[in-house]
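The model shown is predicted, which means the values in this text are computed figures rather than measured ones.
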Amino acid sequence: MHVFTNRPEISNAVAAHKENGLKIGFVPTMGALHRGHASLFNFALKSCDIVVVSIFVNPTQFNNIQDLKTYPRDLQADLELLENINPNLLVFAPSTQTIYGSKVESIDYNFDGLDKVMEGAFRPGHFEGVATVLKYLFEIVQPDFAFFGEKDYQQLQIVNKLVSIENLPVKVVGCPISRHDDGLAESSRNMRLTQKHRQVAPFIYNTLLKAKELFNDKPIADVHQFVIDAFKDNELLKLEYFEIANASTLEHTTIKDTDETHRAFIAVFADDVRLIDNIALN
Ligand code: AMP
């Protein structure tokens with residue numbers, strides 16, 4: 001499997017396919033690939049002629065240096081997984097220097113508050129880092145379609161905003177969350193869980209399912225209280241936040257509005273491993 005590492009090579013390869021009228025799909029990742037990523041590759045392969053997968057652990061989106069250091073990296077295993085899915089995938093695995101040159105910095109963006117809540121509030125600068133690397137990657141790859149998981153729902157909304165701010169000629173496609181059989185959302189971080197934390201981790205999704213049920217007939221405050229109490233009783237999982245928000249604006253929901261779509265979002269620490277998940281409520 002050919003791995004592109006520099007800009008002109010991948011840009012030229014994609015441009016040649018576009019000249020032949022082929023549709024280009026793009027799936028940006030940070031590697032440590034799993035079935036969640038694979039579901040995105042399969043979505044992309046269904047609707048595009050050529051699919052580019054990038055593997056790049058983006059330093060500017062980590063607000064915690066320890067998190068960046070311990071982020072799992074295994075390019076060889078990633079390439080094997082990609083080869084098994086489809087050997088025609090184009091892989092772009094650049095160095096930090098190739099993406100950022102000597103200035104490893106984020107661009108300042110105004111995302112109208114989308115980046116100030118939930119993940120943005122707990123990880124300052126995270127979304128500007130995400131948006132910066134995506135702007136650079138979109139400029140290099142020039143895809144027609146880009147695929148993102150609803151696992152990172154807030155990120156998906158930020159990407160939509162970035163595309164509109166920068167007026168980028170790419171269509172953003174959101175893909176459903178892929179889960180283990182016990183309900184835990186697939187994540188590169190799951191491999192860092194101890195056995196006992198892995199065993200209790202499905203509690204996160206189960207609590208979201210119960211919150212969704214309660215949302216139908218209880219006031220929002222009761223749903224919040226239920227989740228807070230549920231985690232108080234759990235010795236292994238520490239709740240960082242639980243939020244019910246408008247699915248488009250991500251503004252905190254205080255009153256249920258049947259004309260609006262609401263979603264619940266959660267972040268939990270299992271020891272030092274931070275896990276996030278979310279669910280559509282209506
Ligand atoms: P990451 O490598 O964590 O940056 O993720 C790359 C892409 O894969 C992002 O669009 C994620 O939202 C998506 N992704 C990660 N885990 C899952 C999952 N369990 N289900 C669906 N998409 C996922």
In this structure, CG of Leu45 is separated from CG of Leu89 (nearest 0.5 Å) by 5.0 Å
Taking the side chain as every heavy atom from C-beta outward, state whether Asp112 and Asn110 have any atom pair closer than 4.5 Å. yes
Exercise for the section: Take Phe92 and Ile55 through the side-chain contact (heavy atoms from CB on, under 4.5 Å) test and state the conclusion after the steps. Expected result: CA-CA 6 Å; Phe92 181 44; Ile55 298 177; over 6 Å; no
Closest non-hydrogen contact found for Ala247 with Gln157 is O-NE2, 3.5 Å
Here the ring-ring contact (aromatic ring centres under 6.0 Å, His included) pairs for residues 34-58, sequence neighbours left out, are His34-His37
Between Leu209 and Ile266, is there a shared hydrophobic cluster once you connect ILVMFWY residues whose side-chain heavy atoms come closer than 4.5 Å?
yes
### Query
With a 3.5 Å cut-off and no angle check, do the side chains of Asn246 and Glu251 form a donor-acceptor pair?
no
With sequence neighbours left out, the residues meeting side chain to side chain contact (heavy atoms under 4.5 Å, CB included) with Lys116 are none
| Evaluation steps, side-chain contact (heavy atoms from CB on, under 4.5 Å), between Ile276 and Lys151 | CA-CA 8 Å; Ile276 58 168; Lys151 162 81 173 23; 3.8 Å; yes
Grouping I, L, V, M, F, W and Y whenever their side-chain heavy atoms are under 4.5 Å apart, do Ile244 and Ile204 come out in a common cluster? yes
- Check whether any side-chain heavy atom of Asn234 sits under 4.5 Å from a side-chain heavy atom of Phe203, and report yes or no. yes
Q) Do Asn190 and Leu184 pass the side-chain contact (heavy atoms from CB on, under 4.5 Å) test, and can you show the C-alpha distance, the side-chain angles, and the key distance before you say yes or no? A) CA-CA 9 Å; Asn190 293 350; Leu184 176 66; 3.5 Å; yes
Please table the atom pairs, donor to acceptor, closer than 3.5 Å between any side-chain atom in residues 133-141 and protein atoms at least two apart or in another chain.
{"from": "Lys135", "atom 1": "NZ", "to": "Glu139", "atom 2": "OE2", "distance (Å)": "2.5"}

Please check: side-chain N/O of Asp74 versus main-chain N/O of Gly31, any donor-acceptor pairing under 3.5 Å?
no
Counting distance only, does the side-chain N/O of Asn86 pair as donor-acceptor with the main-chain N or O of Leu82 below 3.5 Å? no
Interatomic distance, CD1@Ile107 vs CD@Glu128, rounded to 0.5 Å, equals 9.0 Å
* **Heavy-atom donor-acceptor pair, Arg7 side chain to Thr98 backbone, under 3.5 Å** => yes
Taken to the nearest 0.5 Å, the spacing of Ser187 OG from Asp277 CG works out to 10.0 Å
**OP:** Measure from the ring center of Phe231 to the ring center of Phe242 and say whether it is less than 6.0 Å.
**Re:** no
| Asn278 side chain to Tyr205 side chain, donor-acceptor N/O pair below 3.5 angstrom | no
Taking the side chain as everything from C-beta on, heavy atoms only, tell me whether His2 gets closer than 4.5 Å to Leu90.
no
Per side chain to side chain contact (heavy atoms under 4.5 Å, CB included), His197 is matched among Leu236, Leu275, Asp272 by Leu236
Query - Presence of salt bridge, Glu235 and Lys196, under 4.0 angstrom - result: no
Residue pairs meeting salt bridge (charged side-chain N to carboxylate O under 4.0 Å, His left out), one or both in residues 15-40, sequence neighbours left out, come to Arg35-Glu186
Nearest heavy-atom contact between Gly21 and Asp49 is O-OD2, 4.4 Å
Verdict with reasoning, Val27 to Val52, per side-chain contact (heavy atoms from CB on, under 4.5 Å): CA-CA 6 Å; Val27 186; Val52 180; over 6 Å; no
Tightest non-hydrogen contact, residues Val117 and Leu250, listed as CG2-O, 3.8 Å
OG1 (Thr60) and NE2 (His126) are apart, to the nearest 0.5 Å, by 9.5 Å
| message | For a quick check under 3.5 Å, do Gln225 and Asp222 share a side-chain donor-acceptor pair by atom type? | response | no
On a heavy-atom basis, the closest approach of Arg274 and Arg189 is O-CD, 3.3 Å
What pairs of donor and acceptor atoms, side-chain ones from residues 164-171 against any protein atom, are under 3.5 angstrom apart with sequence neighbours left out?
{"from": "Ser164", "atom 1": "OG", "to": "Lys161", "atom 2": "O", "distance (Å)": "3.4"}
{"from": "Glu166", "atom 1": "OE2", "to": "Tyr109", "atom 2": "OH", "distance (Å)": "2.6"}

Subject >> same_hphob_cluster(Leu156, Val163) at 4.5 Å side-chain heavy-atom cutoff >> reply: yes
So Phe226 and His224, ring-ring contact (aromatic ring centres under 6.0 Å, His included) or not? Walk me through it. CA-CA 5 Å; Phe226 162 76; His224 274 273; over 10 Å; no
State, yes or no, whether a side-chain contact exists between Lys238 and Glu240 at a heavy-atom distance under 4.5 Å. no
(message) Just so I know, are the side chains of Phe148 and Val172 near enough to count as touching, which here means a heavy-atom distance under 4.5 Å?
(response) yes
One should read off an interatomic distance between Met118 CE and Gln154 CD, to the nearest 0.5 angstrom, of 4.5 Å
Sidechain-backbone polar pair: Lys256 side chain, Phe215 backbone, donor-acceptor under 3.5 Å:
yes
Notebook entry, point to check: Is it true that Leu33 and Leu79 fall in one hydrophobic cluster, defined by side-chain heavy atoms closer than 4.5 Å?
Noted result: yes
Residues Leu75 and Ala93: closest non-hydrogen pair is CD1-CB, 4.4 Å
Quiz item: Under 3.5 Å, is there a donor-acceptor pair between the side chain of Asp152 and the main chain of Gln155?
Solution: no
Could you tell me whether the side chain of Thr96 reaches within less than 4.5 Å of the side chain of Pro59, counting heavy atoms only? yes
Side-chain donor/acceptor of Asp271 to backbone N/O of Val273, under 3.5 Å: no
Query - Residue pair Phe147 / Pro28, side-chain heavy-atom distance below 4.5 Å - result: no
- Message: Applying ring-ring contact (aromatic ring centres under 6.0 Å, His included) to Tyr153 and Phe265, what does each step give before you reach the verdict?
- Response: CA-CA 9 Å; Tyr153 189 90; Phe265 298 84; 5.7 Å; yes
d(Ile99 CD1, Ser54 OG) to nearest 0.5 Å is 7.5 Å
Nearest heavy-atom approach of Val268 to Leu239 is CG2-CD1, 4.2 Å
TODO: State plainly whether one hydrophobic cluster holds both Ile50 and Val3, where clusters connect Ile, Leu, Val, Met, Phe, Trp and Tyr through side-chain heavy atoms under 4.5 angstrom apart.
DONE: no
Check whether Lys212 reaches the backbone of Ala280 with its side chain - one donor and one acceptor, N or O, closer than 3.5 Å.
yes
* **Evaluation steps, ring-ring contact (aromatic ring centres under 6.0 Å, His included), between Phe122 and Tyr241** => CA-CA 9 Å; Phe122 283 90; Tyr241 67 76; 5.2 Å; yes
Besides Ile65, the hydrophobic cluster formed by Ile, Leu, Val, Met, Phe, Trp and Tyr side chains linked at under 4.5 Å, directly or via other members, contains Met30, Val57, Phe62, Leu68, Tyr71
